Amino acid sequence: MKNYFTLVLLLIAVSVASCSRLRKFDSVETTDNERYNIVYNEGKCGIYDNNADSLVTSIKYDALKYSQCIIKDSIEITVWVCELDSLSGLVSIAGENNEMLEIIFP
């Protein structure tokens with residue numbers, strides 16, 4: 001009986017740990033692209049990859065908005081509109097490795 005109780009406690013601990021990753025953010029906003037979410041923490045936001053279970057960008061933007069997903073030469077590129085310190089720009093993410101390109105316009 002004691003072994004079953006220990007096993008149940010261990011399963012609960014693993015379940016809580018695996019579900020708690022997104023809890024470290026103040027809020028999470030889903031987007032039209034199911035792979036990515038916008039996560040918020042202390043008034044700033046960033047892009048979170050649900051498949052990789054990790055942040056793609058730092059949580060530094062004032063605002064983010066999903067724009068579109070483009071497939072070029074069999075590479076999926078997701079484009080976002082961002083605001084950072086009263087400036088606007090674009091953030092693009094290559095889907096196969098989450099490599100990011102950020103362009104901020106003055």
Side-chain angles (χ1 to χ4, degrees):
M1 186 71 168
K2 185 177 180 181
N3 289 337
Y4 289 119
F5 181 71
T6 305
L7 182 61
V8 168
L9 284 177
L10 181 62
L11 288 174
I12 290 172
V14 168
S15 175
V16 167
S18 66
C19 294
S20 66
R21 290 207 174 206
L22 285 176
R23 290 185 187 173
K24 61 185 171 189
F25 307 112
D26 294 339
S27 64
V28 177
E29 178 183 333
T30 59
T31 63
D32 291 339
N33 185 320
E34 294 177 2
R35 179 172 177 178
Y36 299 103
N37 286 336
I38 300 172
V39 293
Y40 295 86
N41 197 22
E42 298 177 3
K44 299 289 186 176
C45 57
I47 301 171
Y48 188 89
D49 183 349
N50 294 317
N51 293 349
D53 200 19
S54 65
L55 280 168
V56 177
T57 66
S58 301
I59 301 179
K60 65 177 183 179
Y61 299 100
D62 298 318
L64 281 166
K65 182 179 178 192
Y66 171 75
S67 178
Q68 61 183 327
C69 184
I70 303 166
I71 299 177
K72 178 119 175 139
D73 297 330
S74 72
I75 298 173
E76 182 180 300
I77 300 171
T78 307
V79 181
W80 304 78
V81 177
C82 68
E83 290 181 19
L84 178 65
D85 298 330
S86 302
L87 302 172
S88 296
L90 298 173
V91 175
S92 62
I93 301 168
E96 55 183 40
N97 59 4
N98 277 341
E99 194 169 312
M100 182 191 78
L101 173 67
E102 175 184 75
I103 301 171
I104 303 293
F105 303 104

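Because the structure is a prediction, the values reported are computed rather than measured. Along the sequence shown, residues are numbered consecutively beginning with 1.
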**OP:** Please step through side-chain contact (heavy atoms from CB on, under 4.5 Å) for the pair W80 and I38, ending with a clear verdict.
**Re:** CA-CA 10 Å; W80 304 78; I38 300 172; 3.7 Å; yes
Original post:
Do the side-chain N and O atoms of Y36 and N98 include a donor-acceptor pair separated by under 3.5 angstrom?
Top reply: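 Per modelled atom types, Y36 and N98 side chains form a pair under 3.5 Å.
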Subject >> For M100 against V56, the heavy-atom pair lying closest together >> reply: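 It is SD-O, 4.4 Å.
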Looking at side-chain heavy atoms only, is the closest gap between [X] and [Y] below 4.5 Å?
X: D49; Y: R35; answer: yes
X: L101; Y: V91; answer: no
X: Y40; Y: I59; answer: no
X: V81; Y: Y66; answer: no

**OP:** State whether the number of non-hydrogen atoms from other residues, nucleotides or ligands found under 6.0 Å of Q68 atom CD is greater than 12.
**Re:**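 Result for CD/Q68: enclosed.
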**OP:** Among D62, L64, L87, find the residue that satisfies the side-chain contact (heavy atoms from CB on, under 4.5 Å) test when tested with C82.
**Re:**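 By the side-chain contact (heavy atoms from CB on, under 4.5 Å) criterion, C82 pairs with just one of D62, L64, L87: L64.
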Do any N or O atoms from the side chain of [X] and from the backbone of [Y] form a donor-acceptor pair under 3.5 angstrom?
X: N37; Y: V39; value: no
X: T57; Y: I47; value: yes
X: D26; Y: G43; value: no
X: S58; Y: K60; value: no
X: N97; Y: E99; value: yes

Original post:
Can you tell me how far the CD atom of E83 sits from the CD1 atom of I104, to the nearest 0.5 Å?
Top reply: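 Interatomic distance, E83 CD to I104 CD1, rounded to 0.5 Å: 10.0 Å.
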Subject >> Carboxylate-amine/guanidinium proximity below 4.0 Å for K65 and E29 >> reply: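 Looking at E29 together with K65, the answer is no, because their closest N to O distance does not fall below 4.0 Å.
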